[in-house]
Amino acid sequence: MNRTDDETQSKNPDIQDQVIKEKLLDAEIPGFQAEFDPLEAERLGAFKEDALSEEDALDSTIDHVAEAEDERR
C-alpha cells in the first residue's frame, strides 16, 4: 500500500473509508500487524462504550456495603 500522509490525514470520508478498508484487508494477512490511529479505530467501533453508568456504579456500591454488613452479623 502506497499512501501519502495527506491521504491518511484527509478529512474526506471517502478517502478515510478507503484507507480503513485497505488496513482491514492488510490485517487479514497472517503475521501482519495493521495499525489504526484512534480516529480510524473509533470509526470501526473499536471503542464501544459499555461501561456502567454513574448511577449503576453507585447502586452496586450500596449493594456491596449491605452484603458486607450482613456478613459481619
Side-chain angles (χ1 to χ4, degrees):
M1 282 188 331
N2 293 327
R3 289 191 298 265
T4 65
D5 287 338
D6 291 338
E7 288 177 329
T8 57
Q9 296 180 12
S10 172
K11 300 294 182 201
N12 184 334
D14 293 334
I15 292 175
Q16 290 175 342
D17 288 344
Q18 182 60 35
V19 170
I20 290 172
K21 183 179 178 180
E22 290 177 14
K23 286 183 178 186
L24 289 171
L25 290 172
D26 287 344
E28 293 179 8
I29 299 171
F32 186 86
Q33 295 181 357
E35 294 184 15
F36 294 86
D37 67 33
L39 293 176
E40 293 168 337
E42 185 175 351
R43 285 181 61 114
L44 290 169
F47 300 111
K48 179 181 175 189
E49 181 60 59
D50 61 353
L52 290 174
S53 68
E54 183 178 0
E55 183 179 345
D56 289 340
L58 289 172
D59 287 344
S60 68
T61 302
I62 292 169
D63 291 341
H64 180 69
V65 170
E67 289 174 7
E69 288 177 6
D70 289 341
E71 289 177 5
R72 291 181 187 158
R73 293 181 189 172

query = By side chain to side chain donor-acceptor pair (under 3.5 Å), which residues pair with E42, not counting sequence neighbours?
reply = none

So, taking the atom named [atom1] in [X] and the one named [atom2] in [Y], what distance separates them when rounded to the nearest 0.5 Å?
X	Y	atom1	atom2	value
F36	L24	CZ	CG	4.5 Å
K23	D37	NZ	CG	5.5 Å
D26	Q33	CG	CD	12.5 Å

ask   = How would you list, by chain and number, every residue that makes a side chain to side chain contact (heavy atoms under 4.5 Å, CB included) with A27, sequence neighbours excluded?
value = A34

task = Applying side chain to side chain contact (heavy atoms under 4.5 Å, CB included), name anything that partners E54, two or more places apart in sequence or on another chain.
result = L58

